[in-house]
There are 4 protein chains.
Amino acid sequence: MFIPEVDTVPAAASEKPDRRESILEAALELFAERGFHGTAVPAVAEVAHVGAGTIYRYFASKEDLVNVVYKRWKGALAHAIVTDFPLHATAREQFHAFFSRAIDFATEHPRAFKFLELHHHAPYLDARSRALESEIFAPAVAFFETTREKQITKDMPSEVLMALVWGAIVGLVKGAWEKRLRLTKDVIAHAESCCWEAIRA
Amino acid sequence: MFIPEVDTVPAAASEKPDRRESILEAALELFAERGFHGTAVPAVAEVAHVGAGTIYRYFASKEDLVNVVYKRWKGALAHAIVTDFPLHATAREQFHAFFSRAIDFATEHPRAFKFLELHHHAPYLDARSRALESEIFAPAVAFFETTREKQITKDMPSEVLMALVWGAIVGLVKGAWEKRLRLTKDVIAHAESCCWEAIRA
Amino acid sequence: MFIPEVDTVPAAASEKPDRRESILEAALELFAERGFHGTAVPAVAEVAHVGAGTIYRYFASKEDLVNVVYKRWKGALAHAIVTDFPLHATAREQFHAFFSRAIDFATEHPRAFKFLELHHHAPYLDARSRALESEIFAPAVAFFETTREKQITKDMPSEVLMALVWGAIVGLVKGAWEKRLRLTKDVIAHAESCCWEAIRA
Amino acid sequence: MFIPEVDTVPAAASEKPDRRESILEAALELFAERGFHGTAVPAVAEVAHVGAGTIYRYFASKEDLVNVVYKRWKGALAHAIVTDFPLHATAREQFHAFFSRAIDFATEHPRAFKFLELHHHAPYLDARSRALESEIFAPAVAFFETTREKQITKDMPSEVLMALVWGAIVGLVKGAWEKRLRLTKDVIAHAESCCWEAIRA
DNA sequence: CATGAATGAGTTTTCATTCAT
DNA sequence: TATGAATGAAAACTCATTCAT
């Protein structure tokens, strides 16, 4: 849809050991755990089981690498949310879809979600990476525009509703990482319900 | 109350140029902007208008410095929320107080709030700093325990409600930083309302 | 015999420029001349014709480097003395062998001898290096034990005789370094004679 | 006699706390233990119970300080040996006096003796300090010249005999430091005897 | 191509020396 | 005069990047 020429997460297991892929995987893991400046390129190489020099055959620099990882997973998150989105369902159902898909993504790809949160608006992200940030929120904002007009959701700026809901989702996921809470099916369902009540008219 | 022996933010303007203070100020600024590993000690020294060596007269190491900054501002946040907290007001009023104080703190000390968010659970934080993390949430969690029992708030784990509300607050503040939204009095009031509706029974 | 798993001095000229070897060579030279604390790692790198960072590819730290140099040359000295030692010759001949070999070592490897003297019992030497110190004297002490029982050497603690003889050897070598005297064949022979007369019964 | 304008060790306890004196005392202790480059000037100040800046009121630099300490104690050693030297006693008695006085000095001022050994011929010693080195041996060398001519001592260069005897003394003292041997009266007497036998004709 | 050894610029930290008090 | 806080130059050490193999 609006996810452009960024490389995507490989759908299924590839047969041969793809070096580029293992580098991206290793980078995701280390950047998510230790941050950009806290991660040494040779450390990425080691986790990826490639030589340090090999990374520079696939990526121009450490900055380039982090940007590729960022774009890939930001795209993957957008993709996970919008693919086959029930555009013609009720607003309530659409919200449920959005919420569930976001939580599902965070549960299935915890490191990617952590990485995206940690590197959000970092100074070493390039223009393209930063642009993706707003793009991903665009459809959700549009959703709130529509539902507000129909007086289904509260009469507040869409960006504010978006910030509240996305913030709550991130709060939930972080709570789960830090073992302060467990994201059971039940908890997720109730939390979704809470968020809906927060925003509905 | 539960704010311990950490050094506090100086109340008013001091008369003479306090080096320790300017170092802490500079560190807060740079750590908030570039992160721990992304900030060089001489950069802190330059912003603080002191020699690089001077930092080591006041702090044992870069790690020590970040921990002092962390404890100071985590303590300040806790202080801002709990000082003269209307413990005997209604649950609704208490929630309002909590929400407003958090937003006020983030508005008055945006760099401190950003710093705390960015360094949350970082591996270079010491035991004392980490302990403060849970301590700060403790009274809020207790609030949700009480109100849930009285069927004022939803029958969900307090930590989940806490995560949703705190997440929403952080989402709001980040939205404001990134200029996606403006935190007017009106927006804050409405957002608070949303959050209450999210959690009330 | 008692020379353990320490790396040894390379026997002959190697074909390609071995960086580890040139670092050890440079370190020996500078540590012997200026001492441990008086020698900067970049200075070692410069003398070794390698980059400063390269040293850390071969040695964990400056301390590690000085310990490797110490063990190598302490081992070499021990080796030079005990290899093919005439254990079944007369006491007088054995003493001659010991004395000559020590002087020969100091003459052939003056920097190594100086290095060992200078770093003797230094606080940055590790347990293994310190252990070598006593190991090297052990056979000589044993020699004095035996000869004293046979009333060939004086009835004094072996360690005292050892200290006198080794001290005299070191005194001689230092005198030669400082150009106060010249270690000609004749001088060495006479000095050896003096030392034997000092200790014989 | 030949000890010139170097400052001397204060004979008895002075009544008021003399800063210069405590600095020299502290410097002797630390330089002997950790070497010149291994000793920080503020560390000397701390041991001396003076401010770091105070050291620079009495000594131009760290190098100056080490040179003053060196000259003082080299002079003290020379003084201890030559004062009231029994110049008209027999050669045997003169040798005994020399040996005993050296050992006595090392026993009474172990740190000074260690300091002198450790800093012998160090590159940061100035011309005057270096000159003292030879001056101190001069009378001893003269002694050997005389006795050799009288065929009391061996027909060898005086410097060689000197090196052997002084080396043996140093070996003995180091052995005592390192607890390899104990310098009892008996051991000292026997050792002196050994040394005489080493050099006598 | 893939590598990993080599490197030098940059990092954190120490310390000899100065100077305002 | 004595001080000790302040400093910047230099120390040990790390790491992004290159390049010979």
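Residue numbers begin at 1 in each chain, while the letters A, B, ... track the order of the sequences.
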Asker: Let me know the distance between NE2 of C:His49 and P of E:dT7, rounded to the nearest Å.
Answerer: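 Rounding to the nearest Å, NE2 of C:His49 and P of E:dT7 are 12 Å apart.
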Asker: Determine the stems involving DNA chain E; a stem requires 3 or more consecutive pairs of the Watson-Crick or G-U wobble kind, each with both distances below 3.5 Å, and the answer is none if no such run exists.
Answerer: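 The stems are E:2-21 with F:2-21.
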Asker: Using a 4.0 Å heavy-atom cut-off across all strands, classify C:Phe59 as base, sugar-phosphate, or nothing.
Answerer: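 If one applies the 4.0 Å heavy-atom cut-off, C:Phe59 turns out to touch nothing in the nucleic acid.
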Asker: Measure the distance from CD on C:Glu46 to C1' on E:dG8 and round it to the nearest whole Å.
Answerer: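 After rounding, the reported distance stands at 13 Å.
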Asker: For E:dA2, does either OP1 or OP2 sit under 4.0 Å from a side-chain N or O belonging to A:Arg19?
Answerer: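 Answer is yes, contact under 4.0 Å.
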Asker: Looking at E:dC1, I'd like to know if its phosphate oxygens (OP1 or OP2) sit under 4.0 Å from a side-chain N or O belonging to A:Arg57.
Answerer: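 No.
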Asker: What residues form a side chain to side chain donor-acceptor pair (under 3.5 Å) with A:Asp126, not counting sequence neighbours?
Answerer: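 Here the qualifying residues are A:Lys71, A:Ser129.
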Asker: Just grab all the salt bridge (charged side-chain N to carboxylate O under 4.0 Å, His left out) pairs involving residues 112-122 of chain A, residues at least two apart or on different chains.
Answerer: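 Counting only pairs at least two positions apart or across chains, the salt bridge (charged side-chain N to carboxylate O under 4.0 Å, His left out) contacts touching residues 112-122 of chain A are A:Glu117-B:Lys174.
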Asker: Can you tell me the distance, in whole Å, between the CD1 atom of B:Ile55 and the C1' atom of E:dT11?
Answerer: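 Taking atom C1' of E:dT11 as the reference, CD1 of B:Ile55 is at 13 Å.
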Asker: C:Phe115: which residues meet the ring pair (Phe, Tyr, Trp, His ring centres under 6.0 Å) condition with it, sequence neighbours left out?
Answerer: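 Here the qualifying residues are C:His119.
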Asker: For C:His37, give me all partners under ring pair (Phe, Tyr, Trp, His ring centres under 6.0 Å), at least two apart in sequence or on another chain.
Answerer: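 C:His37 satisfies ring pair (Phe, Tyr, Trp, His ring centres under 6.0 Å) with C:Tyr124 only.
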Asker: Identify all pairs in which a protein N or O lies below 3.5 Å from an N or O of nucleotides 15-18 of chain F, and state each distance.
Answerer:
from: F:dA16; atom 1: OP1; to: A:Thr39; atom 2: O; distance (Å): 3.4
from: F:dA16; atom 1: OP1; to: A:Lys62; atom 2: NZ; distance (Å): 3.0
from: F:dA16; atom 1: OP2; to: A:Val41; atom 2: N; distance (Å): 2.4
from: F:dT17; atom 1: OP2; to: A:Tyr56; atom 2: OH; distance (Å): 2.8
from: F:dT17; atom 1: OP2; to: A:Lys62; atom 2: N; distance (Å): 3.0

Asker: Rounded to the Å, how far apart are A:Arg34 CZ and F:dT14 C1'?
Answerer: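 Rounding to the nearest Å, CZ of A:Arg34 and C1' of F:dT14 are 14 Å apart.
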Asker: Using side chain to side chain contact (heavy atoms under 4.5 Å, CB included) as the criterion, list what pairs up with C:Glu46, not counting sequence neighbours.
Answerer: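 By the side chain to side chain contact (heavy atoms under 4.5 Å, CB included) rule, C:Glu46 matches no residue at all.
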Asker: What ring pair (Phe, Tyr, Trp, His ring centres under 6.0 Å) pairs are there with at least one residue in residues 38-60 of chain B, not counting sequence neighbours?
Answerer: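 Residue pairs passing ring pair (Phe, Tyr, Trp, His ring centres under 6.0 Å), neighbours aside: none found.
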Asker: Under the salt bridge (charged side-chain N to carboxylate O under 4.0 Å, His left out) rule, what pairs show up with a residue in residues 28-44 of chain A, not counting sequence neighbours?
Answerer: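 Matches after skipping sequence neighbours: A:Glu29-A:Arg111.
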Asker: Are C:His121 and D:Trp177 side-chain neighbours, meaning at least one heavy-atom pair lies under 4.5 Å?
Answerer: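 C:His121 vs D:Trp177: side chains apart.
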